[in-house]
Number of protein chains: 2
Amino acid sequence: MRQNIFRQFLEERGQRLTKERNAVLQKAFSCKGHFDPESLYMEMRKKGVKASRASVYRTLNLLYECGLVEKVRQTEHGTIYEHSLGGQHHDHMICLECGEIIEFYSERLEKLQEEICQERNFKGTNHTLEIRGYCRHCQTKITVPEGDGSHG
Amino acid sequence: MRQNIFRQFLEERGQRLTKERNAVLQKAFSCKGHFDPESLYMEMRKKGVKASRASVYRTLNLLYECGLVEKVRQTEHGTIYEHSLGGQHHDHMICLECGEIIEFYSERLEKLQEEICQERNFKGTNHTLEIRGYCRHCQTKITVPEGDGSHG
DNA sequence: ATAAATGCAAATCGTTTGCAACGGA
DNA sequence: TCCGTTGCAAACGATTTGCATTTAT
């Protein structure tokens, strides 16, 4: 269970699993998909869970260090996280029109990346793939700027 | 030539290719690999090229908008760019030990991504793949810290 | 002449940090 | 009790922006 993972991680470093840290942990794992520190903090406030913004940031860093959360991507407006337990590794498609983030997973893709790493003598531990473009809904909405029909 | 691309882009928007903008353009393209706004600015200063930090940022944004530079990745310490002309599209491997960034390109990978997009009805326009791990040099150096069995 | 661009410094904004008060082992 | 932790607010650092001045066209 993640609490134990976190607790053990902290103990190894002589740190404690406080209620604030636990609250952040729970909240982070309650998120279905992605989240950012600020909304996490705000939601905690809304629900009356006491933890300062500073503690949220501090705890998120700890969770990141022990691998319980991942940084999905860093935008100009901050870091987006997601928790990394139970959920299979996956990559993302991001719609440039509506901002939707679509998660996907491809075994072939994973395999291919391993091959590529081997070929280059690189020991890959993890990766992030972000495909930008237009989701099925927005493709139709778009008034294609320049003629299409066939694309390379 | 990139100057013309930039000039035309600007003209279409009723903007001008000033010497400051041109200086940033030249400097950006003089960079072999990646660069960040601050170092670009500092190097320009060092060489006596007059352009304020603000102009560097403003111009970089313009260059980004017209596709002459790409954002390679956003770190906690800022945005890393690279110019995108002449150079084929490529992805990156990042060594967690020494920080080296290795560029690579795989036709198979590109193809596979297209397939994945088609399968999901997503119209991909571009992507970023970042494989993190250890480069050939650092693999050997690593004294596996507390390497215990499980890793994600 | 006119509209755009510049430089500067102040403003933003996400995130971190110093410090005094606090609290669990 | 002893440290680690918290919350606050100030500090930070990258980037943006308001504005008066400068500069192309």
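Chain letters run A, B, ... following the sequence lines, proteins first and then strands; every chain starts at 1. Only heavy atoms go into these numbers, but all of them, side chains included; no hydrogens, no water, no symmetry mates.
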In whole angstroms, the gap separating P of D:dG13 from OH of B:Y41 amounts to 16 Å
Does D:dT15 have its OP1 or OP2 closer than 4.0 Å to a side-chain nitrogen or oxygen of B:N61? no
At less than 4.0 Å, is any side-chain N or O atom of A:Y57 found next to OP1 or OP2 of C:dT16? Yes or no. no
How close do B:I116 and A:M93 get, counting heavy atoms only, and between which atoms? CG2-CE, 3.8 Å
Ion pair check, B:E100 and A:R120, cut-off under 4.0 Å: no
Separation of atom NZ in A:K50 from atom C1' in D:dT5, rounded to whole Å: 10 Å
Between B:R73 and B:I80 (side chain of the first, backbone of the second, donor and acceptor by atom type, cut-off under 3.5 Å), is there such a pair? no
Atom-pair distance (CZ on A:R58; C1' on D:dA9), nearest Å: 12 Å
Whether A:T79 contacts C:dG14 is assessed here as follows: a side-chain N or O lying under 4.0 Å from the phosphate OP1 or OP2. Is that the case? no
Among residues 3-38 of chain B, which ones have heavy-atom contacts with DNA chain D below 4.0 Å? B:R16, B:K19, B:P37
Measure from CD on B:E76 to P on D:dA14 and round the result to the nearest Å. 11 Å
Knowing that exactly one of B:N4, B:L62, B:L10 qualifies, which makes a side-chain contact (heavy atoms from CB on, under 4.5 Å) with B:L17? B:L10
Distance-only donor-acceptor test, A:R53 side-chain atoms vs C:dG14 base atoms, 3.5 Å: no
Is there a donor-acceptor pair under 3.5 Å between the side chain of B:R132 and the backbone N or O of A:T125? no
Picking from C:dG7, C:dT15, D:dT16, which would you name as closest to the side chain of B:S52? C:dG7
Indicate yes or no for a side-chain donor-acceptor contact from A:E65 to the backbone of A:F9 under 3.5 Å, with no hydrogens or angles considered. no
Output the rounded distance in Å from CG (B:L40) to C1' (D:dA14). 15 Å
